[in-house]
A.B. asks: 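Mind having a look at this structure? Questions to follow.
Note that ligands are numbered from 1 as they come in the structure, with each ligand's atoms numbered from 1 the same way. All values below were derived from every heavy atom in this structure, side-chain atoms included, with hydrogens, water molecules and symmetry-related copies excluded.
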Amino acid sequence: MTSQRNVTPHYDVIIAGAGIIGLSTALFLQGKGLKVAVFDKGDVAYEQSSRNWGWMRTIGQDMAELDLALASRPLWKQWSEEGDFGFRPCGLVSLAESAEEWSGLQQWLRQAREHGLDTQELSTSETRRLLPQFQRSWSGALFAPGDAGIEPDLAMRFLERKTLDAGVKIMTRNAVKQIDITGGKASAVETETGRITADRIVIAAGAWSRLLCKTVGIVIPQLKVTASVLRTSPVENGPEPNLSSTRYCLRRRQDGGYTVARRNSSLTYVTPDSVRFIRQYLPNYLKQKQMLRVRAGTTFFRELQMDRRFGPEKTNPFEDFRTCDPVPDIDTLKETLEHLKEDAPVFQNARIMGSWAGTIDVLPDALPVLSPVSQCSGLFLASGFSAHGFGIGPASGKLMADIVTGEASASSAAPFRLERFQLNDD
Ligand SMILES: Cc1cc2nc3c(=O)[nH]c(=O)nc-3n(C[C@H](O)[C@H](O)[C@H](O)COP(=O)(O)OP(=O)(O)OC[C@H]3O[C@@H](n4cnc5c(N)ncnc54)[C@H](O)[C@@H]3O)c2cc1C
């Protein structure tokens with residue numbers, strides 16, 4: 001579907017990365033009358049944006065991101081009236097396994113109420129009424145009726161079509177290999193098919209943003225985490241709302257099955273970057289140790305080698321790895337489905353119909369960067385969504401478009417400034 005033709009030698013804005021962030025930013029920029037082109041090293045949304053659980057959620061979001069989550073709800077709703085991508089305002093229930101976890105959720109709710117949320121505490125009987133399929137009890141539950149489920153792959157096909165119809169050029173299998181700086185200003189991108197100039201350049205390259213930033217000497221303390229997901233065969237009379245718990249997370253799919261995963265099963269490998277950024281990550285890691293498993297292995301040397309292969313004349317990592325397609329952790333996925341079967345007999349006959357994994361781009365404070373790059377005028381960064389960029393993607397793209405044109409209010413953009421990480425050399 002993607003257009004590869006009629007590429008002109010100059011655009012008002014060039015965006016590297018055709019995930020939800022790159023495409024929604026492009027859509028809103030084009031809506032402001034700018035001429036925009038998006039380049040992707042692979043195909044549209046083949047990395048995180050089509051591999052996620054399909055949650056649009058407010059529960060558990062950082063206070064700094066709640067406004068983006070709330071502002072994304074009407075955008076998703078409006079888009080769902082233009083095309084079918086399985087948008088289901090089914091709500092999300094967050095289940096606490098322990099008193100400690102429940103007190104954390106209650107504390108979050110107390111702060112979040114100031115943002116005008118619809119989230120409510122459920123009593124034990126209300127939880128039973130909402131989730132009659134489950135045989136166990138929890139220490140507490142929160143319910144956000146306005147949260148929703150979306151089919152990520154269909155949503156991204158919809159967004160691709162909408163962005164193309166708006167007049168954005170999308171070039172796939174055409175990596176941005178390097179960003180050129182002239183007189184301290186980002187002036188052009190070197191792509192696989194040649195050099196194209198632009199007034200402004202946005203890096204929205206997901207887990208690859210750090211490497212692309214490196215081509216202009218900008219350091220972002222971004223790391224990668226692998227998360228695995230499964231989908232089941234159809235389940236009759238299963239739960240309607242999306243569920244979040246430490247034993248399993250799920251969403252009912254349009255095909256009648258469920259997307260199932262485990263929140264605390266993400267995996268990260270020791271790499272040169274994780275050693276380099278250990279100080280920045282340590283506080284958050286110590287708080288959420290049980291959510292992440294750390295492994296050592298050959299990834300260290302692969303990443304070291306990847307870091308060194310650069311330059312527009314050589315092939316570089318963006319061409320060598322068209323799509324990040326990690327191997328899913330099938331043992332953990334099987335165990336997760338077993339937990340679900342133990343707790344909810346309605347899943348007894350559910351079979352695993354498919355599994356996949358995705359590489360998540362994280363930042364030390366788990367908040368994205370939506371920001372100009374102050375060392376280099378005309379360069380912008382929209383990345384580091386730390387596992388929750390899909391649901392907040394539409395409003396993030398809108399905010400990013402305002403940042404690029406200088407129309408964003410200082411208060412809306414402040415939490416996402418790149419300068420909050422003070423890193424100078426690599
Ligand atoms: C398993 C999993 C579950 C998740 N669940 C949820 C969820 O339920 N809800 C939620 O809100 N979020 C979820 N997320 C997170 C969410 O998917 C991401 O935050 C979001 O998709 C990030 O979008 P993006 O556009 O920044 O990155 P991506 O979708 O990764 O897109 C980046 C694009 O940039 C391209 N690119 C990279 N380098 C270059 C280059 N040099 N030149 C050109 N193109 C380049 C890549 O090919 C890729 O297509 C989940 C993520 C995973 C992996």
A.B. asks: For Ala207 and ligand 1, does the shortest N/O to N/O distance drop below 3.5 Å?
C.D. replies: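 No; every N/O pair is 3.5 Å or more apart.
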A.B. asks: Geometry only, no angles: is Ala175 polar-contacting ligand 1 at N/O separations under 3.5 Å?
C.D. replies: no
A.B. asks: Does either side chain, that of Arg263 or that of Ser244, offer a donor lying less than 3.5 Å from an acceptor on the other one?
C.D. replies: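 Yes.
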A.B. asks: Which of the numbered atoms in ligand 1 are below 4.0 angstrom from a heavy atom of Gly358?
C.D. replies: 53 (C)
A.B. asks: Using heavy-atom distances, let me know which of Arg210, Gln48, Lys41 sits nearest atom 45 (C) of ligand 1.
C.D. replies: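 Answer by nearest heavy atom: Lys41.
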A.B. asks: Between Glu419 and Ser374, is there a side-chain donor-acceptor contact under 3.5 Å, judged purely by atom types and distance?
C.D. replies: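 Looking only at side-chain atoms, Glu419 and Ser374 do form a donor-acceptor pair, the distance falling under 3.5 Å.
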A.B. asks: Taking distance alone, with N or O pairs closer than 3.5 Å, would you say Val229 contacts ligand 1?
C.D. replies: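 Not met; the criterion fails.
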A.B. asks: Which atoms of ligand 1 sit under 4.0 Å from any heavy atom of Gly54?
C.D. replies: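 Listed by number with element, the hits are 8 (O).
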A.B. asks: Going by the order shown, which atoms of ligand 1 are within less than 4.0 Å of some heavy atom of Ala204?
C.D. replies: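 Result: 32 (C), 34 (O).
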A.B. asks: Give the residue, atom name and distance (to 0.1 Å) of the protein heavy atom nearest atom 31 (O) of ligand 1.
C.D. replies: Gly19 CA, 3.5 Å
A.B. asks: If you round to the nearest 0.5 Å, how far is OG1 of Thr119 from CG of Asp147?
C.D. replies: 6.5 Å
A.B. asks: Does the pair Asp273/Lys224 count as a salt bridge with the N-to-O cut at 4.0 Å?
C.D. replies: no
A.B. asks: With a cut-off of 4.0 Å, which atoms of ligand 1 are near a heavy atom of Gly17?
C.D. replies: 33 (C), 34 (O), 35 (C), 44 (N)
A.B. asks: Would you check the N or O atoms of Ala382, main chain and side chain alike, for any that come under 3.5 Å of an N or O of ligand 1?
C.D. replies: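 No - when backbone and side-chain N and O of Ala382 are compared with those of ligand 1, no distance drops under 3.5 Å.
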A.B. asks: Are side-chain N/O atoms of Ser187 and Asp180 paired as donor and acceptor at under 3.5 Å?
C.D. replies: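 No, Asp180 and Ser187 have no side-chain donor paired with an acceptor closer than 3.5 Å.
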A.B. asks: With atoms numbered from 1 as shown, which atoms in ligand 1 lie under 4.0 angstrom from a non-hydrogen atom of Phe39?
C.D. replies: 43 (C), 44 (N)
A.B. asks: Would Val176 count as a polar contact of ligand 1, with the cut-off being nitrogen or oxygen pairs under 3.5 Å?
C.D. replies: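 Val176 vs ligand 1: N/O contact under 3.5 Å present.
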A.B. asks: Counting only nitrogen or oxygen atoms and a 3.5 angstrom limit, does Trp53 reach ligand 1?
C.D. replies: yes
A.B. asks: Tell me: protein heavy atom nearest atom 38 (N) of ligand 1, and distance?
C.D. replies: Trp208 CB, 3.3 Å
A.B. asks: Run the numbers for me: atoms of ligand 1, each under 4.0 Å from some heavy atom of Gly391, listed by number.
C.D. replies: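 Result: 10 (C), 11 (O).
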A.B. asks: Is there a donor-acceptor contact under 3.5 Å from the side chain of Asp40 to the main chain of Ala18?
C.D. replies: yes
A.B. asks: Would you kindly check if the NZ (Lys) or CZ (Arg) of Lys35 is within the cone defined by 45 degrees around the ring axis of Tyr11 and under 6.0 Å from the six-membered ring centre?
C.D. replies: yes
A.B. asks: Closer than 4.0 Å to some heavy atom of Gly206 - which atoms of ligand 1 meet that?
C.D. replies: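 Close to Gly206: 27 (O), 32 (C).
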A.B. asks: Does Trp76 have its ring centroid less than 6.0 Å away from the ring centroid of Phe85?
C.D. replies: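 They qualify: ring centres under 6.0 Å apart.
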A.B. asks: Asn174 and Thr193: side-chain donor and acceptor closer than 3.5 Å?
C.D. replies: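 Yes.
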A.B. asks: Is it true that the side chains of Trp138 and Glu101 contain a donor and an acceptor less than 3.5 Å apart?
C.D. replies: no
A.B. asks: Tell me: protein heavy atom nearest atom 33 (C) of ligand 1, and distance?
C.D. replies: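 Of the protein heavy atoms, Asp40 OD2, 3.5 Å lies nearest.
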A.B. asks: Ignoring hydrogens, what is the shortest heavy-atom contact between Arg51 and Pro326? Give both atom names and the distance.
C.D. replies: NH1-CD, 4.4 Å
A.B. asks: Would Ser49 count as a polar contact of ligand 1, with the cut-off being nitrogen or oxygen pairs under 3.5 Å?
C.D. replies: yes
A.B. asks: If only side-chain N and O atoms count, and only distance matters, is there a donor-acceptor pair under 3.5 Å linking Asp84 with Gln254?
C.D. replies: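 Side chains of Gln254 and Asp84: pair found under 3.5 Å.
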A.B. asks: Enumerate the atoms of ligand 1 whose separation from the nearest heavy atom of Arg51 is less than 4.0 angstrom.
C.D. replies: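 Atoms satisfying the 4.0 Å criterion: 1 (C), 2 (C).
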A.B. asks: Should Glu192 and Lys41 be marked as a salt bridge (charged side-chain N to carboxylate O under 4.0 Å, His left out) after you check the CA-CA gap, both sets of side-chain angles, and the distance that decides it?
C.D. replies: CA-CA 9 Å; Glu192 288 178 65; Lys41 65 179 173 53; over 6 Å; no
A.B. asks: When you measure from atom 6 (C) of ligand 1 to every protein heavy atom, which one gives the shortest distance, and what is it?
C.D. replies: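 For this ligand atom, the closest protein heavy atom is Asn52 CB, 3.4 Å.
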A.B. asks: Just distances here: any N/O of Ile21 and N/O of ligand 1 closer than 3.5 Å?
C.D. replies: yes
A.B. asks: In terms of residue, atom name and distance, what is the protein heavy atom nearest to atom 19 (O) of ligand 1?
C.D. replies: Gly389 N, 2.9 Å
A.B. asks: Tell me the protein heavy atom at minimum distance from atom 16 (C) of ligand 1, and give that distance in Å.
C.D. replies: Phe390 N, 3.6 Å
A.B. asks: Has Ala387 got any heavy atom lying under 4.0 angstrom from an atom of ligand 1?
C.D. replies: yes
A.B. asks: Determine whether the aromatic ring centres of residues Tyr258 and Phe347 are separated by less than 6.0 angstrom.
C.D. replies: yes
A.B. asks: Looking at Arg420 and Arg417, would you say the former's side chain and the latter's main chain have a donor-acceptor pair under 3.5 Å?
C.D. replies: yes
A.B. asks: Just to confirm my output: which protein heavy-atom neighbour is closest to atom 9 (N) of ligand 1, and how far is it?
C.D. replies: Trp55 O, 3.0 Å
A.B. asks: For atom 52 (C) of ligand 1, what is the nearest protein heavy atom, given as residue, atom name and distance?
C.D. replies: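 The protein heavy atom lying closest is Ile360 CG1, 3.7 Å.
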A.B. asks: Salt bridge between Lys398 and Asp402, side-chain N to carboxylate O under 4.0 Å?
C.D. replies: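 Looking at Lys398 and Asp402, the cut-off is not met.
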A.B. asks: Work out whether the distance between some heavy atom of Ser383 and some atom of ligand 1 is less than 4.0 Å.
C.D. replies: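 Ser383: no contact with ligand 1 (<4.0 Å).
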